[in-house]
Enquirer: 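Have a look at this one before I ask anything.
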Amino acid sequence: MARATLDAAQAVISAGGSAVVASAGGAMVPDLLRLRAAHIDLPQISSPMRARYTLPRRIVAGLHAFDVTVIQSRTPATALVARAVARRLETRWIATLHRPFSTRGLMARLVERRQAYADALIAVSGHIAHDALKHFPDLGERLHTIPPGINFDRFDPAIVRADRVIRLASELRVPDGSHLVLCPARFSEDGGQKALVEAIKRLGRSDVFCLLLGSSGTPTPFEQELEQAIERAEMNGRVQIGPYVEDMPAAYMLADVVVATGGPNQGFSRTMVEAQAMGRPVVAEDGGGAAEAVRPGVTGWLAPAGNPAALAQAIAQALSLSVERRAELARAGQEHVRGRFAQAHSNQQMLRLYERLSN
């Protein structure tokens with residue numbers, strides 16, 4: 001979501017507009033400021049209802065010097081805040097749907113349902129659009145499917161120097177001579193990583209090393225659970241949790257296969273698109289937005305969600321590719337994602353929506 005926010009800000013500024021992002025900060029704020037976008041610092045508030053009643057006034061005050069025409073939220077919790085800000089500024093607002101609607105917890109459902117009141121809703125994949133219409137059949141023309149775009153100038157294997165890959169392999173302590181299975185993901189909750197740990201165990205290969213990237217430093221409760229799952233599976237030394245990596249193009253070049261877990265809970269997977277752009281074989285759990293980015297048998301493999309045995313089989317097939325077949329798959333993957341997930345196309349769709357709501 002942070003990358004999508006940065007991309008949207010860049011598109012608006014490149015089109016001659018101004019972009020302001022209100023957030024609790026993060027690693028990408030310096031990148032945002034380099035674009036000449038503005039940033040409003042907000043406190044980290046875990047309660048959506050508390051945020052709703054404490055943040056709008058602060059955001060409105062930070063926007064006093066800007067002629068704001070559209071407000072956009074990226075999560076259900078920020079949608080509550082965005083709606084209140086839009087009301088105070090008498091402007092339109094967009095709710096961006098990155099994940100399926102929850103069926104658990106009364107408060108989560110109440111918060112999520114507020115997104116349906118937006119002047120427009122953006123689904124990041126067909127899977128998310130279908131899920132939104134299932135819950136809110138009357139969304140009609142307010143719902144737009146706009147997958148995030150990828151910067152293919154950055155995700156291009158031709159520009160990744162060998163020294164970048166070697167340096168990153170050393171920093172991540174990737175064993176020499178191992179086949180690397182890469183799975184970048186958040187550790188806020190179980191996104192299928194435990195099933196991947198079991199799948200690597202089922203492979204039964206000492207030459208396979210699995211790297212779960214995305215740790216922010218202080219272990220989250222789920223990250224601690226995942227460490228325990230790795231220990232119970234006796235996979236220490238073969239499955240490792242790694243940090244958030246800024247140089248993802250180099251990380252993909254390290255990988256022999258890139259995996260996206262999560263199945264139906266996955267709204268969209270930048271990992272699958274970026275990895276194919278870098279010419280890597282990909283494996284995704286079926287049923288969600290990640291699967292939409294894969295052409296089974298052509299650019300990668302799909303495995304039934306929550307099935308470690310099937311996931312292990314798909315990974316084994318990816319690892320067994322001949323040099324010739326791997327090159328064919330790389331070309332097919334690059335052509336596939338360049339035709340469907342170009343950043344310029346996504347930006348154009350987003351800007352058209354902004355312009356329509358602004359008039």
Enquirer: Between Lys194 and Glu225, is there a side-chain N and carboxylate O pair less than 4.0 Å apart?
Expert: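 Looking at Lys194 and Glu225, the cut-off is met.
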Enquirer: Give every residue pair that meets the salt bridge (Lys or Arg N to Asp or Glu O under 4.0 Å) criterion with at least one member in residues 348-357, sequence neighbours excluded.
Expert: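 Those involving residues 348-357 do not exist here.
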Enquirer: Among all residues two or more places apart in sequence or in another chain, which pass the salt bridge (charged side-chain N to carboxylate O under 4.0 Å, His left out) test with Asp190?
Expert: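 In terms of salt bridge (charged side-chain N to carboxylate O under 4.0 Å, His left out), with neighbours along the sequence ignored, Asp190 is linked to no residue.
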Enquirer: Decide whether Trp301 and Gln317 meet the rule of one side-chain donor and one side-chain acceptor closer than 3.5 Å.
Expert: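 The answer is yes; a qualifying pair exists.
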Enquirer: Taking Glu292 for its side chain and His127 for its backbone only, find out whether a donor-acceptor pair lies under 3.5 Å.
Expert: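 It does hold such a pair.
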Enquirer: Got a sec: does the CZ of Arg74 have more than 12 other heavy atoms crowding it under 6.0 Å?
Expert: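 Atom CZ in Arg74 is crowded, with more than 12 foreign heavy atoms closer than 6.0 Å.
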Enquirer: Within the side chain of Gln193, is there an N or O that forms a donor-acceptor pair under 3.5 Å with the backbone of Gly191?
Expert: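 Yes; at least one donor-acceptor contact below 3.5 Å.
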Enquirer: Taking side-chain contact (heavy atoms from CB on, under 4.5 Å) as the test, write out the residues that go with Glu223, two or more places apart.
Expert: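 Listed in chain order: Phe187, Ser215, Pro219, Thr220, Ile241.
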Enquirer: Does this structure show an ion pair linking Asp119 with Arg142, if we count only N-O contacts that are shorter than 4.0 Å?
Expert: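 Answer for the salt bridge query: no.
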Enquirer: Residues in salt bridge (charged side-chain N to carboxylate O under 4.0 Å, His left out) with Glu227, at least two apart?
Expert: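 Expected list: none.
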Enquirer: Say whether, by atom type as modelled, one donor and one acceptor occur between the side chain of His64 and the main chain of Ala61 under 3.5 angstrom.
Expert: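 Answer holds: yes.
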Enquirer: Can you sort out the partners of Ala316 under side-chain contact (heavy atoms from CB on, under 4.5 Å), two or more places apart, ordered by chain and number?
Expert: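 Scan of Ala316 (side-chain contact (heavy atoms from CB on, under 4.5 Å), adjacent residues dropped) gives Leu203.
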Enquirer: Is there any salt bridge (Lys or Arg N to Asp or Glu O under 4.0 Å) pair reaching into residues 263-272, and which pairs are they, with sequence neighbours excluded?
Expert: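 Non-adjacent pairs meeting salt bridge (Lys or Arg N to Asp or Glu O under 4.0 Å): Asp7-Arg270.
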Enquirer: Which residues pass the ring-ring contact (aromatic ring centres under 6.0 Å, His included) test with Phe136, not counting sequence neighbours?
Expert: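 Per chain and number, Phe136 pairs via ring-ring contact (aromatic ring centres under 6.0 Å, His included) with Phe101.
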Enquirer: Identify, with sequence neighbours excluded, every residue that meets salt bridge (charged side-chain N to carboxylate O under 4.0 Å, His left out) alongside Glu171.
Expert: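 Per chain and number, Glu171 pairs via salt bridge (charged side-chain N to carboxylate O under 4.0 Å, His left out) with no residue.
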Enquirer: Only counting residues at least two apart or in another chain, list the ones meeting side-chain contact (heavy atoms from CB on, under 4.5 Å) with Ala327.
Expert: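 Residues passing side-chain contact (heavy atoms from CB on, under 4.5 Å) with Ala327: Arg331.
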Enquirer: Is there a donor in the side chain of Glu285 and an acceptor in the side chain of Thr261, or the other way round, less than 3.5 Å apart?
Expert: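 Thr261 and Glu285 do not have a side-chain donor-acceptor pair below 3.5 Å.
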Enquirer: Using the test salt bridge (charged side-chain N to carboxylate O under 4.0 Å, His left out), find all partners of Arg114 that sit at least two apart in sequence or belong to another chain.
Expert: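 Salt bridge (charged side-chain N to carboxylate O under 4.0 Å, His left out) list for Arg114, sorted by chain: empty.
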Enquirer: Using atom types as modelled and distance alone, determine if a side-chain donor or acceptor of Thr91 lies under 3.5 Å from a backbone N or O of Thr69.
Expert: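 Yes, because the side chain of Thr91 sits within donor-acceptor range (under 3.5 Å) of the backbone of Thr69.
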Enquirer: Is the Lys NZ or Arg CZ of Arg83 less than 6.0 Å from the centre of Tyr117's six-membered ring, within 45° of the axis?
Expert: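 Yes - Arg83 lies over the ring of Tyr117, closer than 6.0 Å to its centre and within 45° of its axis.
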Enquirer: Return the minimal non-hydrogen interatomic distance between Ala8 and Tyr354, and the atom names on each side.
Expert: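 In this case the closest contact between Ala8 and Tyr354 is CB-OH, 3.8 Å.
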Enquirer: Once ring-ring contact (aromatic ring centres under 6.0 Å, His included) is applied, do any residues pair with Phe155, and if so which ones, sequence neighbours excluded?
Expert: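 Residues passing ring-ring contact (aromatic ring centres under 6.0 Å, His included) with Phe155: none at all.
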Enquirer: Is it the case that over 12 heavy atoms from other parts of the model lie below 6.0 angstrom from the CG atom of Asp138?
Expert: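 Yes, the 6.0 Å shell around CG holds more than 12 heavy atoms from other groups.
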Enquirer: Report the residues that fulfil side chain to side chain donor-acceptor pair (under 3.5 Å) with Arg92, sequence neighbours left out, ordered by chain and then residue number.
Expert: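 For Arg92, no residue satisfies side chain to side chain donor-acceptor pair (under 3.5 Å) once neighbours in sequence are set aside.
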